[in-house]
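Notes for the one structure printed next.
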Amino acid sequence: MSASLRILALISLAAQNVAWPQDPIPRLHIKYREVIGQRFLGNESHVEHFKLLERATTSILIGARNAIYNISLHDLTEIVDQRLQWSSTEAHRQLCYLKGRSDDECQNYVRVFGRQGPDRFLVCGTNAYKPLCRQFTIKDGAYVKKSDIDGLGLCPYDPRHNSTAVFAEGQLYAATVADFSGGEPLIHREKIRTERSDLNQLNGPNFVSSFAYQDYVFFFYRETAVEYMNCGKAVYSRVGRVCQHDKGGPHAFSDRWTSFLKARLNCSVPGEYPFYFNEIQSTSDVTDGRYAGKSARLVYGVFTTPVNSIGGSAVCAFSMDNILEVFQSAFKEQETINSNWLRVLPEKVPEPRPGACVNDSRTLPDITVNFVKAHPLMDDAVQSYFSLPVITKTSFNYRFTKVVVDPQVKALDGKAYDMLYIGTDDGRVLKALNTRAPETRDNVSQVIVSDVQVLKHGQAVKDLLVVHLAGEASKLVVFADSEIRAVPLHHCDSPAAATCRSCVALQDPHCAWDAIANLCVAVPTKLHDSDNSKTLFQDIPNGKHRSCGYEEMTKPEQPVVMPEIGRGEQPDERDNEIVIELDRENQYGRTQPRANEPQGVTVTPVVYSAQTLTGALIGTCFCSLVAGFAFGFWFSQRLRGSSYPEPSEQRQQLNRLTESSESPGFNNKSINLVLNVPPKNPNGKNANSSAENKPVQKVKKTYI
Ligand SMILES: *[C@@H]1O[C@H](CO)[C@@H](O)[C@H](O)[C@H]1NC(C)=O
Ligand SMILES: *[C@@H]1O[C@H](CO)[C@@H](O)[C@H](O)[C@H]1NC(C)=O
Ligand SMILES: *[C@@H]1O[C@H](CO)[C@@H](O)[C@H](O)[C@H]1NC(C)=O
Ligand SMILES: *[C@@H]1O[C@H](CO)[C@@H](O)[C@H](O)[C@H]1NC(C)=O
Ligand SMILES: *[C@@H]1O[C@H](CO)[C@@H](O)[C@H](O)[C@H]1NC(C)=O
Ligand SMILES: *[C@@H]1O[C@H](CO)[C@@H](O)[C@H](O)[C@H]1NC(C)=O
């Protein structure tokens, strides 16, 4: 950018009084080791690809490899006799091997669940690359198989595919792929689907979520933007919707949607040149709340920059009313292949309005149905509810993957805040809030209360669930591919919040300084209106309380970064760009300690005489020679024993190890081995997860 342009941009930023929000610094860091709590690992001999299927009051159903687990939310243990085993048949597996797939892929990963009644449900699994759905009933506490349905277009082939599905009024709506290679995406309900290979409708989509709302089913996804006219290509985030009562079109359109429309989601930092976070990764559920005196139903989404650019992540909120409005506004079209994408003039839109929900879509005139097929895209983008993203973060180390909301948590001052829990692709959970949400939509103040390394490095957070159970401390359940963990919602008792100032500086509605007990305490919800709050100090907007002043006069006034443990020990958990670069080195310095180097000699400025030095040199050389020989000899002996073991032999050895030790920790070890590889592998979690499971899966192969 030329200097004048940049100045222009700056001026305009100043004029509009908007600026790139400062990356919020987490008030609290908690390292992996510190995290204690409940967890569920499933069958540790392979990657389970856990998927949350259903949340009941005190239990959750988890889709996994060849099984559905029923897990108690009290302690994350499996409920006895409630496991549903469902493996692919041998014939399907053989077919899968013939397609050239690995043993791990030729399993049944359960992905889709729909409850059709209190004791009736439908589940779908990848079924060794031949998706299959199965109806079950529950009789006397046991699962009874009813019937099988072809799962094509309802469930993906690969457990890692970005698909979504939702049950509404007894019908399954799925957004997935309908072919083996993943090249034919579709949004589908029984008998009705999107057009085949019509890039106007779906263009290489990655689906992230879906839910039913009013008469509609909404789908959130990212796809290559057809309307992007500059050179190269761009991915945009979309919200798509269909009517639940769409019965298909007349005549030849009988198996096509008459109500599929989509719009762009705009998650950006405003300015003369807005900065876009274009790639949606997940959404929260719809939440009700009050913001700046108005009620709204919001859905929060995680948006990131493309993988090959600077790592930026943001959380934006969208109001459902806004989304519905955009679908009532103008359509977009490109008249000829070389013309621009423009708003369709109102007089060119036929009646009845294309895409609207009607009683019987089979009676719609052809002109309306043709129009909606050719114009699925709305001209307006859905703008985010607050004028800025609620949280933005630039980091070389991680990106956001998932956001979940604990809506309208009341602070001591009576104001309610949406608490956001944000998962990252390196196993953290950030707890964050917009402290200005109760007052205004025109500005945000981003606060990250805590940054907790819940999972080991490299493991991505796939899903999150906030759990409030009567009579128990609330918790956050964190889902990874092979692990489910529960962590507390707050860390008020952390040593880093042990003073009045640091406790209040958390800006966490869950925590307050108790002036009588001299402790940072969790605020019980029922306490809010009572007199006790006079001795409890909290300040969500600014993180400063008058009453904290006196006791810390001696300490320097900078309670912002408060690492849980010694600062230097967790450099990779801070996110300042410059710090990261330095920290990278530190980190490698730690993981590959140069222990053999004579560190002291080079650094210590002690003067030795030439004689001493020569003696030392000769001595050192001799010592290294002897040591080197001994080591080499020992190593060669060892290697001769196994003479460069073939990978499969290594695996057999591993297998023997498991058998002899019977230790459930074995798999932990193997995961450890994988994770010791420097964590920031460009392929991210997929690479990791397959690396994790492959050795183990082959174990099985050699033995069967
Ligand atoms: C784990 O899965 C393997 C097959 O992959 C199976 O043989 C073993 O019995 C399972 N273990 C448990 C505890 O279910
Ligand atoms: C899971 O277990 C709970 C507690 O036993 C039970 O109430 C619930 O029905 C189970 N869920 C399913 C789908 O079987
Ligand atoms: C699914 O989404 C994840 C996260 O954005 C991405 O890394 C991965 O490549 C996607 N999978 C496919 C098959 O595109
Ligand atoms: C997206 O929002 C920004 C404000 O954040 C605005 O400046 C920009 O014009 C919007 N872009 C679109 C395509 O609506
Ligand atoms: C749609 O059907 C309902 C009854 O099923 C009827 O009351 C309503 O008038 C119909 N609407 C239209 C536009 O035909
Ligand atoms: C938003 O808040 C920041 C600091 O809190 C302030 O500098 C900025 O001027 C505000 N912007 C608007 C548009 O009010």
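The first residue of the sequence shown is numbered 1, and numbering continues consecutively from there. Computed from a predicted structure; not experimentally measured. Just follow the structure's listing: the first ligand is 1, and inside any ligand the first atom is 1.
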Exercise. For residues T304 and Q281, is any side-chain donor paired with an opposing acceptor at under 3.5 Å?
Worked result: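 A pair is found: one side chain offers a donor N or O, the other an acceptor, under 3.5 Å apart.
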
So that I can tick it off, tell me whether [Y] and [X] are bridged by a salt bridge, with the cut-off set at under 4.0 angstrom between side-chain N and carboxylate O.
X	Y	value
K262	E227	no
K139	D119	no
E483	K462	no

Problem set entry | Numbering as shown, the atoms of ligand 1 that approach H46 to under 4.0 Å (heavy-atom distance) |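 Here the atoms of ligand 1 in question are 2 (O), 5 (O).
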
For this session: On the 0 to 90° scale, with breaks at 30° and 60°, tag the F211-F218 ring pair as parallel, tilted or perpendicular.
Result: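 F211 vs F218 ring planes: tilted.
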
Exercise. Which word best sums up how the rings of Y236 and Y228 line up, parallel for under 30°, tilted for 30 to 60°, or perpendicular for over 60°?
Worked result: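 If you compare the ring of Y236 with that of Y228, the planes turn out perpendicular.
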
Exercise. So, for Y129 and F180, is the gap between ring centers shorter than 6.0 Å?
Worked result: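 Yes, the ring of Y129 comes within the 6.0 Å limit of the ring of F180, centre to centre.
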
Exercise. Could a heavy atom of R399 be found less than 4.0 Å from some atom of ligand 3?
Worked result: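 R399: no contact with ligand 3 (<4.0 Å).
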
Exercise. Quick check: does R222 get an N/O under 3.5 Å from an N/O on ligand 3?
Worked result: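 R222 vs ligand 3: N/O contact under 3.5 Å present.
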
Table of N or O contacts for ligand 2, cutoff 3.5 Å:
| unit_1 | atom_1 | unit_2 | atom_2 | d |
| --- | --- | --- | --- | --- |
| ligand 2 | 2 (O) | N70 | OD1 | 3.3 |
| ligand 2 | 2 (O) | N70 | ND2 | 2.3 |
| ligand 2 | 11 (N) | N70 | ND2 | 2.9 |
| ligand 2 | 14 (O) | Q82 | OE1 | 3.2 |
| ligand 2 | 14 (O) | Y143 | OH | 2.8 |

For this session: Taking only heavy atoms of Q281 into account, list the atoms of ligand 3 that are under 4.0 Å away from them.
Result: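 Atoms satisfying the 4.0 Å criterion: 4 (C), 5 (O).
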
Problem set entry | Side chain, backbone, both or neither: the part of N206 lying under 4.0 Å from ligand 3 by heavy atom |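 Contact part for N206 vs ligand 3: side chain (C-beta onward).
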
Exercise. So which pairs with a foot in residues 47-60 pass salt bridge (Lys or Arg N to Asp or Glu O under 4.0 Å), sequence neighbours left out?
Worked result: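 For residues 47-60, and leaving out neighbouring residues, the salt bridge (Lys or Arg N to Asp or Glu O under 4.0 Å) pairs sorted by first residue read E54-R115.
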
